[in-house]
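Report on one structure; see the data block that follows.
Computed from a prediction, not measured in an experiment: that's the story for all the values here.
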Amino acid sequence: MSWKETYNTWKDYADLDAELKDELANLAGNDAALEDAFYTPMEFGTAGMRGLLGAGINRMNIYTVRQATAGLAAFMLTLDEATRNRGVAISYDSRHHSQDFAFEAARVLGAQGIPTFVFESLRPTPELSFTVRHLHTYAGIMITASHNPKEYNGYKIYGEDGAQMPPKESDLITKYIREVDDLFAIKVASKEELIDAGVLKVIGAEVDQDYLDQVKTVTINKELVAEEGKTMKLIFSPLHGTGAMLGEKALRQAGFENFTMVPEQSKPDPDFTTVKKPNPEDPAAFNLAIKLGKKEGADLLVAVDPDADRLGAAVRQPNGDYQLLTGNQIAAVMLNYILTAHKEAGSLPANAAAVKSIVSSEFATKVAASYGVEMINVLTGFKFIAEQIKHFEDTNEHTFMMGFEESYGYLVRPFVRDKDAIQSLVMLAEVAAYYKKQGKNLYDGLQELFEKHGYYAEKTISLTFDGVEGAKEIADLMTKFRNDAPSEFAGYEVAALEDFAKSEKRLADGTVTKIDLPTSNVLKYILADGTWIAVRPSGTEPKIKFYIGTQADSLAKAEEKRAAFEDAITAFVKG
């Protein structure tokens, strides 16, 4: 059907949700907005779906949530009865309609006889990952749009290992989703009847405690924390999301007593009223934490995003100002401490390994190498880090020490198989305590690592292309970078081009070697000076991302080079 025919079907549906009906009435005559809402179904990728809230097949609403869940249900009905009866764990964040969407998903699954375990109230993404593993469910659903603005929500499916659903199963689920033609005919059961029948079980405090018991294992040097945790001043912001309750309990049980939550951001708020973007990557998200930190003389400021899977930090300087750390810097400092603490305790395994994405800094690789620890590179997406963890467990080839992505996502202990800001909060506090005992802070520790391993500077540039033409513009840019590949950036020759869609690495002299990773629409340029530049479309947002990683013999020079490469990328995009 054309978008107008689809729109008319929705407009004329007598039982359409009242809020969506009012929205369509307000959009009457606005063809551009209506076309964007109805011209195509929401894309369901390997990370699920994410989009604007509202009416339409290209929006997040109860009908598109039902459609996605009907696809999952159809796939699970192909499995044997015992596997199917393990059910699905469901959690959700603080966004508009998150709880509604969670229980709508349970109603669709319940109508097919598939058991669900739904949290009584909002919980973090990492706890959902833990819950899938802990309750041995076959799958998990997380309702979240992570760090996106308030207008968004999303839907992610997790597999039985607690990682996001693998590509093979995800592709099959997508196929079943696309076969759901009539969104208004999807069978749903009564929530109350499902609860009475024991098909829908509401979970909460008991699972929280089991998760927190595992978080205790994140702390390496309990004596250090006991000594410094009572006095080290920490400011913590959950940015209006899910991290408040578990974050506070995790800090206290570890031994950190002298911390304060940013009061204006400590309660769930779907409008995120104190920030434009609830994203710890955004410096503005730290404004209130910095104000409180200066008032209380805090050593460390930490913020986590609304579903508590990403963490950002800022450190107090001698002049009382705060220095924000990048995700790559946090990862390097954290990994260095983990390896140091285990080495000092005599518990660093001979086969220790860390895992990172191909668009993350080589800074942490240098840190790992200084301990004789291997760094393994994987494609972007924490499910690929989870795959490595499972491989380590199956083969005993390596012992997992840490995994991270440059986008502020880290995992310390593998009882979770996704990035975990609650774990990271506890670990980063321990790292801060380690430096405090030496009369230093995290930023001093970072400088020590720079002096030892070289000065690294990174930047991620995101360009957004919304609407009907957005996907084409992104595809055209990828084609330009692939087919008209620059021979140099900012005066530095391209020594090699890694094309992960073709699984090949092409050197400047024409030599081609294979890349032993799954295919993905990513390009990575390796320059003659060791700088790398990567290009990839986002899997969850209408964006194309450019990553820059460079180094020099001083931080000023590294940042100067980074700025030059940023200008070169901008010029090539516009040229």
Side-chain angles (χ1 to χ4, degrees), residues 93-95 98 121-127 144-150 215 218 229 232-254 256-317 320-327 329-330 333-334 407-410 419-433 441-443:
D93 68 9
S94 57
R95 292 174 179 275
S98 283
S121 58
L122 72 172
R123 293 297 193 282
T125 290
E127 188 176 6
T144 181
S146 189
H147 54 286
N148 283 73
K150 65 180 180 180
V215 173
V218 171
M232 187 186 76
K233 186 61 185 176
L234 171 71
I235 302 296
F236 169 47
S237 173
L239 294 180
H240 304 292
T242 64
M245 182 264 286
L246 287 181
E248 180 177 8
K249 289 183 177 180
L251 284 170
R252 291 198 188 283
Q253 76 174 14
F256 295 100
E257 300 175 8
N258 193 23
F259 69 90
T260 304
M261 274 202 285
V262 177
E264 301 93 332
Q265 297 174 334
S266 64
K267 302 295 184 187
D269 175 6
D271 290 317
F272 309 116
T273 46
T274 66
V275 290
K276 287 186 178 179
K277 294 182 288 185
N279 187 352
E281 297 180 66
D282 181 10
F286 276 87
N287 288 346
L288 287 174
I290 289 172
K291 183 179 178 181
L292 183 59
K294 287 183 175 180
K295 180 182 176 183
E296 299 196 3
D299 301 289
L300 176 66
L301 316 178
V302 178
V304 304
D305 67 344
D307 68 322
D309 65 351
R310 299 172 191 248
L311 173 145
V315 183
R316 183 160 55 92
Q317 302 293 76
D321 291 335
Y322 285 88
Q323 174 65 48
L324 290 163
L325 303 182
T326 69
Q329 291 170 349
I330 292 169
V333 173
M334 199 183 290
S407 53
Y408 293 62
Y410 330 91
K419 46 193 180 287
D420 187 342
I422 306 300
Q423 285 193 40
S424 305
L425 170 65
V426 172
M427 175 49 66
L428 194 63
E430 182 176 349
V431 181
N441 64 27
L442 273 171
Y443 195 69

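Looking at Lys150 and Asp269, their side chains never come closer than 4.5 Å, going by heavy atoms from C-beta outward. A heavy-atom distance below 4.5 Å is not found between the side chains of Asp305 and Pro278. Inter-residue side-chain proximity for Ser121 and Arg123 is flagged as met; some heavy-atom pair is nearer than 4.5 Å. Taking the side chain as every heavy atom from C-beta outward, Leu122 and Ser98 never approach each other to under 4.5 Å. Side-chain contact between Ile235 and Leu300 is absent, with no heavy-atom pair separated by less than 4.5 Å. In this structure, Ser424 and Val304 have side chains that are not in contact, with every pair of non-hydrogen atoms separated by 4.5 Å or more.
Put simply, CG on Leu292 and CZ on Phe236 are 13.0 Å apart, with the number rounded to the nearest 0.5 Å. With rounding to the nearest 0.5 Å, the separation of CG in Leu288 from CG in Leu301 is 11.5 Å. Expressed to the nearest 0.5 Å, how far CZ of Phe259 lies from CG of Leu251 amounts to 5.0 Å. A distance of 11.5 Å separates CZ in Arg316 from CD in Glu296, rounded to the nearest 0.5 Å. How far CD of Glu248 is from CD1 of Ile422: 11.0 Å, rounded to the nearest 0.5 Å.
Judged purely by atom type and a 3.5 angstrom limit, Tyr408 has no side-chain atom pairing as donor or acceptor with the backbone of Asn279. Side chain of Tyr443 to main chain of Gln323: no donor-acceptor pair is present (N/O by atom type, distance under 3.5 Å, no hydrogens or angles). Without hydrogens or angle criteria, Asp93 side chain to Arg95 main chain gives a donor-acceptor distance under 3.5 Å. Proximity of a side-chain donor or acceptor of Glu127 to a complementary backbone N or O of Pro124 within less than 3.5 Å is not detected. Checking side-chain atoms of Asp307 against main-chain N and O of Thr125 turns up no donor-acceptor pair under 3.5 Å. Arg310 places no side-chain N or O within donor-acceptor distance of the main-chain N or O of Ala308, the cut-off being under 3.5 Å.
Glu430 approaches Val218 most closely through the heavy-atom pair OE1-O, 4.2 Å. The two residues Val275 and Gln265 come nearest to each other via the heavy atoms CG1-NE2, 3.7 Å. Shortest non-hydrogen contact noted between Ala303 and Pro280 is O-CB, 3.6 Å. Between Ser146 and Asp309, the shortest heavy-atom distance links the atoms OG-OD1, 3.9 Å. When all heavy atoms are compared, the tightest approach of Ile330 to Leu311 is CD1-O, 4.1 Å. Closest of all the heavy-atom pairs between Phe272 and Ser94 is CE2-OG, 3.9 Å.
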Please evaluate residues Leu428 and Leu442 with respect to the criterion side chain to side chain contact (heavy atoms under 4.5 Å, CB included), reporting the C-alpha separation (whole Å), side-chain torsions for both, the decisive distance (0.1 Å), and the verdict.
CA-CA 9 Å; Leu428 194 63; Leu442 273 171; 3.9 Å; yes

Evaluate the criterion side chain to side chain contact (heavy atoms under 4.5 Å, CB included) for residue pair Lys277 and His147; output intermediate values, then yes/no.
CA-CA 7 Å; Lys277 294 182 288 185; His147 54 286; over 6 Å; no

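Contacts of Ala254 classified as side-chain contact (heavy atoms from CB on, under 4.5 Å), with partners at least two apart in sequence or in another chain: Thr219, Phe256, Val426.
Sorted by first and then second residue, the salt bridge (charged side-chain N to carboxylate O under 4.0 Å, His left out) pairs with a member in residues 285-294 read Lys294-Asp321; sequence neighbours excluded.
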Quiz: residues 240-247 side-chain donor-acceptor pairs under 3.5 angstrom, not counting sequence neighbours:
from, atom 1, to, atom 2, distance (Å)
His240, NE2, Thr274, OG1, 2.7
Thr242, OG1, Pro306, O, 2.9

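A salt bridge is absent between Lys233 and Asp299: the closest approach of a Lys/Arg side-chain nitrogen to an acidic carboxylate oxygen does not fall below 4.0 angstrom.
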